[in-house]
Every structure is written in structure tokens, then in C-alpha cells.
K.L.:
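Handing you this structure, nothing more for now.
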There are 2 protein chains.
Amino acid sequence: MGADLMEESTGAVPSLAPPRRRGTVDKHQERRDQLAESALVTLGELGYARTSLRDIAANSPFSHGVVHYYFRDKNELIVYCVRFHKSTCVLRYDDVVESAGSSEELVDGFVAKLRETLTADAPMHRLWYDLRTASMFEEPLRATVALIDGWLQDMVWRVLARYASLAGKGVAVTPAVAYAIVDGLFQQALLAMHDQPAESLDRIDRSVRDLLPSLLLSA
Amino acid sequence: MGADLMEESTGAVPSLAPPRRRGTVDKHQERRDQLAESALVTLGELGYARTSLRDIAANSPFSHGVVHYYFRDKNELIVYCVRFHKSTCVLRYDDVVESAGSSEELVDGFVAKLRETLTADAPMHRLWYDLRTASMFEEPLRATVALIDGWLQDMVWRVLARYASLAGKGVAVTPAVAYAIVDGLFQQALLAMHDQPAESLDRIDRSVRDLLPSLLLSA
DNA sequence: CCGTTAACTTGACGGTTGTCAAGATAAATC
DNA sequence: GATTTATCTTGACAACCGTCAAGTTAACGG
């Protein structure tokens, strides 16, 4: 994990990478990931546009100049960071999907994970929405955003398809619509996490439980 | 319209405003609105964080220093702009709501307006999402964002309540959930307007038509 | 027509930013 | 251990930002 990033080249390790030496697995790539993890903390706190390379370096073991040794520019670093994080993040519900023995159990596991990630990973989710919004104004970001949006849509679809299967019914909406709905609920919950965290968690819990059945065919 | 901004003071016309002269209705306020309208064009193109006061002034009849004559700082200008625009924007569907004679007619009018605004006002909608996302990282923005989010939620609810009434049924979801769903669909449509505008419009058209009935009680 | 005040312009300030070149340090090779 | 290569630091650069003070122009009141 990390190096391949979901088997899709970021176009991020170009000629600037120094020639590898021996069988030691890519020390260069390890540093990139280490730097990305440091950067993600700062980016999650300050957001995309408000984070400078010096902020990132300050929260890392390195100095601000090192960024250009491992990344071409700021955009490549940030895109790599978000992609690095999301590539594992989109697998969050997969064990719930696989281990659930009934539709009720799946819903319970799903909302539990939703609450958990809203509580623990709020800065990362904020960063994702920040990057997605920025992509509406900066064309170079759109390809990455579209890719990750596809991952998330597939993630939601895996949950919903399994849910329908366990309930012995079909799904009434397309993957795109299902994702839009869940994402809309999630984003509202995230927005409310600052001022009313407890109420926000309860609301999305109840909303999802109420809404999921209506996404199935009655047949 | 414009001066009162939905009967809610922005806290934006403080002591710095010069004493008014005669009965001529607030020349000062007129200039504020004129400046806001100029700024909105630039903000819609470049987004919140990427727009400088010099960019705004360049697309206006004024110089860059004039901003501090009418607004305390950049944030106050931007907040005023978005609020200025949204305060009329949230009334967009009201005539459809009032003039619709049947539930089908209301749906037709609703999706027609949706398509229209996605086509014509895409930059303004991008700006709104940009500001809402920025509010997750900048506390001073949250009050305004929460206020406008409330307006939008009410707007969606007026449509849905009227739709239910015309169909002789009740609404199955809360205002917050209804807004989250519509907003999720709308945001996905807006994101796709850059690369696939036609497909995006068709998709949200069909999605809304499919989804609205399922938000009503079957009773 | 004159004086006063509002409206607006100009230019500068301190600060921050991304980027990069040049040098220092550490590591690995022979 | 010497030399070559990779890694990392430092400092500087040009550009840009928001803000504001000082000065200019225009409009209004008498």
C-alpha cells in the first residue's frame, strides 16, 4: 500500500526521481509516504489553500526545502497526500460488508463506522471536500478528484448492493444517485460536527437508518 | 432588496459608514451593492481563496483601495457578496411553487429551474460551495454559512411540502434530510458541469423525478 | 462661487508565499 | 578510508497579498 496507490499511476514519480540503487525497496518512495503522512495532519487542520509548504515542513522532521526534492510542486504533494489517504479510506466499510449476516447487522455496522469516522477522521474528510471544491476552480485537480469520487461511489455501492442482497431485494437507485445521497448526508453531518457533534452523529444515524430501506425496490 | 438582506443584519455596516446626507436613499449602500455585484463575477470565476482584492477591483470601475472604504476587510466583502446573492437566489423556486396546479407540474417546473440555474449560475453555485467548505476551516465564516444553509433548507422544504400537498400525501423525511439529498444531487451535478454538462443535466433531471415520489408517505 | 465633506486613487508597508540554487551533511560504494 | 552519490538545509529571489495613510478629485451645501 502507498506505493501503487490503487494501481493507478499518479504521474508523480517522473524523471526527477534519482536512480534506484539496489534491491532495498525504494527508500525514496518510503520518504514520500512519510512526508505525505506528516503533511496530511497539517492539511487536515488548515485546509488546502491555507496550508503553506513551511507549515507542512514545520510539522515534519524536515525543512521546507525538502518538499521539492520529493515532489515537483505544492499541487503534486497535496494531490499525492489525498490520494494516499483515500486509497485506504475507501476500504473502510468492506469488512462490515463481508462479515454482515443480515441486513440489520449491515446497517448497524455501517452507521457505526460512519459515526466513528466522523468523530476520528473529521479533518481528513474536511480536506477531501476542500480539494473537491477547489477542483471546480483549478482544472489540474479535476482528474484526481474524479478518480477518487469514483472510488467513493463504488464504496457506497458495495454497501448498498450487499444490503439489498441480504434483504432479498433489488436496489432502486443508480450508483451515482446512491452516492450523491449518502455524500449529501455525510457532508451536512461533517459541517455540523464543529458546533453540535453529538446531535450531528445522532441525526445521520437516524437518517441513514430511515433512508436505506427506501433505496430498495419493494418487490 | 440588497440593503436589508433578508432582514438580518450582517453586522457589516458599522461605525465606519459616513453620516448620511439627505433623503437620497443611501448612496453608500448602493455602491456597496454595485461593488458586490462586480466582485461576484470575479469570485465566481476564481473562487474564494484565489481571488485578491486587486482582481476584484480590476473587474470593477474602481481601484483596489476602494474596497476598504466600503468594507472593513476582505472577509466582510466576500460574506456580504455571497449573502447579497443568496438572499434572492433562495426565492428561485417560489413562483413555481405558487403557480403549480398539480404535482407533475411542480416537478416539471422544479427540474426546469434546476437545469436553468446549473447552466446559467454555475459560477455562483461554485462560489457558495467554496465558501461553505472554507467555513470548515475558518470559524468566522460559520455563522453566515449556517444562516444561508438554513435559507436553502427552507427553500427545498417549501418545494417538497407543496409537492406533497398537491399529491395529497405527507412528507416522509425531515427538512434537513430533504435538503441534504437535494444538495448532494445538485453538488454532483455541478461538479460534472465542467466535463459533461449535457449528461449532468439529464442525470439530475431524471434523478429528481425518480427520487421525489419516494420522499412522500405512501399513505 | 467657495468651502467642506464625501468619494476615490495612488503608492507604499510588512508579511507571506512557492520556488530554486548552492552548499552542507550523510550514506553508500569501491 | 576516499569518493561518489543521495539526501537534506539554508538562504535568497521575485511575486503577491491585505491593509492603510496620504493625497487627489468630485460632489454637495450654503
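Below, read A as the first sequence line, B as the second, and so on, with proteins coming before strands; counting in each chain starts at 1.
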K.L.:
Might you work through the side chain to side chain donor-acceptor pair (under 3.5 Å) test for B:Thr42 and B:Asn59, ending with a clear yes or no?
P.N.:
CA-CA 7 Å; B:Thr42 309; B:Asn59 288 23; 3.3 Å; yes
K.L.:
Can you label the angle between the B:Tyr129 ring and the B:Phe186 ring as parallel, tilted or perpendicular, going by 30° and 60°?
P.N.:
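Geometry flag for B:Phe186 against B:Tyr129: tilted rings.
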K.L.:
Whole angstrom is fine here: how far is it from CG in B:Leu77 over to P in D:dT19?
P.N.:
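Answer to the nearest Å: 10 Å.
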K.L.:
Taking C-beta and beyond as the side chain, do A:Val82 and A:Tyr48 meet within less than 4.5 Å on heavy atoms?
P.N.:
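No, side chains not in contact.
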K.L.:
Rounding to a whole Å, what distance do you find between B:Arg32:CZ and C:dC8:P?
P.N.:
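These atoms are roughly 13 Å apart.
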K.L.:
Take A:Arg92 and A:Asp121, measure what salt bridge (charged side-chain N to carboxylate O under 4.0 Å, His left out) needs, and give me the verdict at the end.
P.N.:
CA-CA 12 Å; A:Arg92 175 171 289 126; A:Asp121 309 320; 3.0 Å; yes
K.L.:
Would you say that B:Cys81 contacts B:Leu40 through its side chain, given a criterion of any heavy-atom pair below 4.5 Å between the two side chains?
P.N.:
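Answer yes - side chains close enough.
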K.L.:
Do any side-chain nitrogens or oxygens of A:Tyr69 fall under 4.0 Å of OP1 or OP2 in D:dC8?
P.N.:
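Negative; the distance criterion is not met.
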K.L.:
Output the rounded distance in Å from CZ (B:Phe71) to C1' (D:dG18).
P.N.:
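My rounded result for the distance is 16 Å.
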K.L.:
Determine to 10° how strongly the helix from C:dC1-D:dG30 to C:dC30-D:dG1 is bent, judged from the axes of its five-pair ends.
P.N.:
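Answer rounded to 10°: the end axes differ by 10°.
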K.L.:
Sugar-phosphate means primed atoms, P, OP1 and OP2; the rest is base. With that split, encode nucleotides 16-22 of chain C 5' to 3' as B, S or - using protein heavy atoms under 4.0 Å.
P.N.:
-SBB---
K.L.:
Between P on D:dT7 and CD on A:Gln29, what's the gap in Å once rounded to a whole number?
P.N.:
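Answer to the nearest Å: 12 Å.
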K.L.:
What's the shortest heavy-atom distance between A:Met124 and A:Val41, and which atoms?
P.N.:
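Nearest heavy atoms, A:Met124 then A:Val41: CE-N, 4.5 Å.
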K.L.:
Does the side chain to side chain donor-acceptor pair (under 3.5 Å) test come out yes or no for B:Thr133 and B:Asp130, once each step is laid out?
P.N.:
CA-CA 5 Å; B:Thr133 305; B:Asp130 200 22; 5.7 Å; no
K.L.:
For B:Leu46 and D:dC17, what is the distance between atoms CG and C1' respectively, to the nearest whole Å?
P.N.:
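From B:Leu46 CG to D:dC17 C1': 14 Å.
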K.L.:
Please give, in whole Å, the distance from D:dC8 C1' to A:His28 NE2?
P.N.:
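The answer, rounded to whole Å, is 12 Å.
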K.L.:
On the six-membered ring of A:Tyr70, is A:Arg31 placed so that its NZ or CZ lies under 6.0 angstrom from the centre and within 45° of the ring axis?
P.N.:
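Cation-pi check for A:Arg31 and A:Tyr70: fails.
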K.L.:
Tell me which one of A:Arg158, A:Arg162, A:Lys113 satisfies salt bridge (charged side-chain N to carboxylate O under 4.0 Å, His left out) with A:Asp94.
P.N.:
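Per the salt bridge (charged side-chain N to carboxylate O under 4.0 Å, His left out) rule, the option paired with A:Asp94 is A:Arg158, out of A:Arg158, A:Arg162, A:Lys113.
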K.L.:
What is the distance, to the nearest angstrom, from the CZ atom on A:Phe62 to the P atom on C:dT25?
P.N.:
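Nearest whole value for this atom pair: 18 Å.
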